[in-house]
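Here's the structure we're looking at; comments come further down.
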Amino acid sequence: MNADFVRHLAWTSDHPLGLEIERAEGPFLVLTDGRKLIDFISGIAVSSLGHRHPSVLRAIRDQLDRHLHVMVYGEFIQAPQVRLAKQLASVLPSTLDSVYFTMSGTEANEGALKLAKKYTGRGRMVAFEQSFHGDTHGSLSVTGRRVYQDPFRPLLPGVTFLPFGDFEALEHIDDTFACAIAEPIQGEGGMRLPPRGWFRALRARCTAAGALLVLDEIQTGFGRTGRLFAFEHEGIVPDILTLAKAMGGGMPLGAFVASTEVMQSLRRDPPLSHVTTFGGHPVSCVAASATLQVLQDEGLVERALWVEQRVRTKLKHTLITDLRGRGAMLGMDLINTRVANQVVEHCLQRRVLLGWTLHSGTVIRIAPPLNIPEDTLDDALEIITEVLDVVQAMDAYGLRNG
Ligand code: PLP
C-alpha cells in the first residue's frame, strides 16, 4: 500500500480497501496499476450518474469562472443556491418548499433534529433499531447500533429506539416527542424494508402526537430506488426530508427540507442559532442542479427499476438467501459472513467492486450508477455469478480463508 497513505492518513479501520485511484469515468474506476474496475457501489450511492458526467463537469467549470465561497450560508443571494432550491421545490410535494443547504448527510440530519426540537419545543426523539444516520454526535445518537454508540457516550439524552417495521411499537410515540427519524430503506441495516403500510402508520402516529416525521433519504434519494424520492413508494410526505450523497453529483452537498412554516423557527430566538460556513457551496449547488436535470432528462429514475429487474433476473444462486431493496439499491444476503467476505474479495480480483453494509456482515451492497450501460451491468452480474460458483466450490472443499 502507498507508504504516505499508511503513514499520514488517519484510517477508519485496520483494513482499508487501499485501492489507489488514477481516475474515474462513467461506471469505471481506473487504478494507478492500470486495473479498471466496474464500480458497483457508486462511492456508496453517490455517483448515480456515473463518474464525471459531462453535464456536471460543464456546470462546475462555468461556476469556477464566476465565484467560489463568498459568505456563510444564508446571507448572500447566490444564484446556484436559489436555482437549486427552486428546482428541488418543483419536484417535491408543496409542503416541502424551504431548503437549508449543508455539506454532508450527517450535517443535514443534525439540522433536521435541531429544527424538530426548536419547532415543537420538545426534546425527545424516536429512532429505529439498525438505522444509520451519520457519525456526528446528534446523528450517532439516533443511529440504532450500540456497538457504534457505546465508545462515544454520553450521547443525546431522550432518544427512544423502536424496532423498525413493528406496528405495535409505534404506540410509544406520544406528545412528548419532537420527532421520529427513519430511513425509507435501511441501507446500512442491510437494505431492510418495513412491511407494507408501516410508513403510513408511522406518519399517522406522528401526526396524532404532533411529532415531526423526519425521513432520511440521504441514501435512497435522487432516483436510486426507482422513484425520485423513496417516500413516494409509501404514499406519505415527511415533515422534514434530509438529503445528501447523490445530490451533488460527486460534489459534497446535503440539505434538510421542510415547510416554510416549520423552517421559520430557525430564524429567531435567537437569530443565527443554526449556521454553517460552507453549506450550499456554489460549486456543489451547480453540480446538483445539473445532476437533477440529467436524472430527469435521461430517464434515470425509471432506469433504476430496469436495473433492479435485470439484477433480480440474472442474479440467482443457492448462496443467496435473499435479494432485498428497491431499484438500484439492493442487498444480496449471503448464507454467512465468511462467504460474503470471499465474494467481495474474489469479485475485486475479477474487477467488480462490491461492498458490505455497515450493520450486516452477510449483506453485500449492489448500487451501480443508474446509467450503467447494459453490457457493463451484464458483465458484472456474470462475474458475480461465476464468483459465487467458485466460492461455493471452495467452501464445499473446505478451502476457507474467511
Ligand atoms: N444517513 C444515511 C441513511 C446514510 O447512508 C449516511 C451515509 O452513509 C448518512 C446519513 C451520513 O451521511 P454523510 O456520510 O454524508 O455524513
Side-chain angles (χ1 to χ4, degrees), residues 10 12-13 17 41-48 100-116 125 127-145 148-149 152 155-156 159 161 164-165 179-194 199 213-225 229-231 233-234 238 240-257 276 278-281 284 287-288 291 324-331 355-360 363-367:
T12 55
S13 81
L17 278 168
I41 53 176
S42 307
I44 315 297
V46 169
S47 318
S48 289
Y100 191 119
F101 289 117
T102 67
M103 287 177 289
S104 67
T106 195
E107 198 196 346
N109 284 335
E110 295 288 339
L113 299 177
K114 282 178 72 180
L115 176 60
M125 297 168 197
F128 294 93
E129 291 164 9
Q130 299 295 309
S131 61
F132 181 74
H133 296 294
D135 274 337
T136 50
H137 269 87
S139 301
L140 181 61
S141 301
V142 291
T143 285
R145 233 0 242 303
Y148 293 119
Q149 290 189 316
F152 302 104
L155 293 169
L156 278 184
V159 179
F161 284 97
F164 186 64
C179 65
I181 181 167
E183 300 151 86
I185 299 175
Q186 289 192 328
E188 300 314 311
M191 306 300 160
R192 294 201 311 148
L193 280 128
F199 267 107
L213 175 59
V214 181
L215 281 190
D216 174 342
E217 291 237 26
I218 286 161
Q219 199 165 144
T220 52
F222 295 96
R224 182 140 293 275
T225 70
F229 299 102
F231 66 75
H233 292 286
E234 308 292 344
I240 307 178
L241 176 68
T242 62
L243 304 168
K245 286 195 181 275
M247 182 181 188
M251 295 295 287
L253 187 65
F256 55 103
V257 188
T276 163
F278 283 124
H281 192 284
S284 299
T291 299
R324 283 194 296 277
R326 269 190 173 133
M329 181 172 169
L330 298 170
W356 298 267
T357 53
L358 194 61
H359 300 334
S360 175
V363 179
I364 291 177
R365 183 192 310 277
I366 295 185

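When a ligand or atom number is given, it counts from 1 through the structure's own listing order.
Looking at atom 5 (O) of ligand 1, its nearest protein heavy atom turns out to be Q219 NE2, 2.7 Å. The protein heavy atom nearest to atom 4 (C) of ligand 1 is F132 CD2, 3.7 Å. Distance from atom 15 (O) of ligand 1 to its nearest protein heavy atom, with residue and atom name: G105 N, 2.8 Å.
Heavy-atom proximity to G134, at under 4.0 Å, picks out these atoms of ligand 1: 10 (C), 11 (C). Taking a cut-off of under 4.0 Å to the non-hydrogen atoms of N109, the atoms of ligand 1 that pass are 1 (N), 10 (C). Contact atoms of ligand 1 toward E183: 3 (C) (distance under 4.0 Å to a heavy atom of the residue).
Of the listed residues (M247, Q186, K245), the one carrying the non-hydrogen atom nearest atom 7 (C) of ligand 1 is K245.
To the nearest 0.5 Å, atom CD of residue E107 and atom OH of residue Y100 are 7.5 Å apart. Atom CE in M247 sits 9.5 Å away from atom OG in S284 (nearest 0.5 Å).
For D216, the closest heavy-atom approach to ligand 1 falls below 4.0 Å.
At a cut-off of 3.5 Å, with distance as the only test, no side-chain donor of T220 or T225 sits close to an acceptor on the other residue.
Using a 4.5 Å heavy-atom cutoff, the side chains of F101 and F256 are not in contact. F199 places a side-chain heavy atom less than 4.5 Å from the side chain of L215. The closest side-chain heavy-atom distance from K245 to Q219 is below 4.5 Å.
Proximity of atom 13 (P) of ligand 1 to the protein is indicated by at least one non-hydrogen atom lying closer than 4.0 angstrom.
The shortest N or O to N or O distance between T106 and ligand 1 is below 3.5 Å.
Between the side chain of E183 and the backbone N or O of F132, at least one donor-acceptor pair lies under 3.5 Å.
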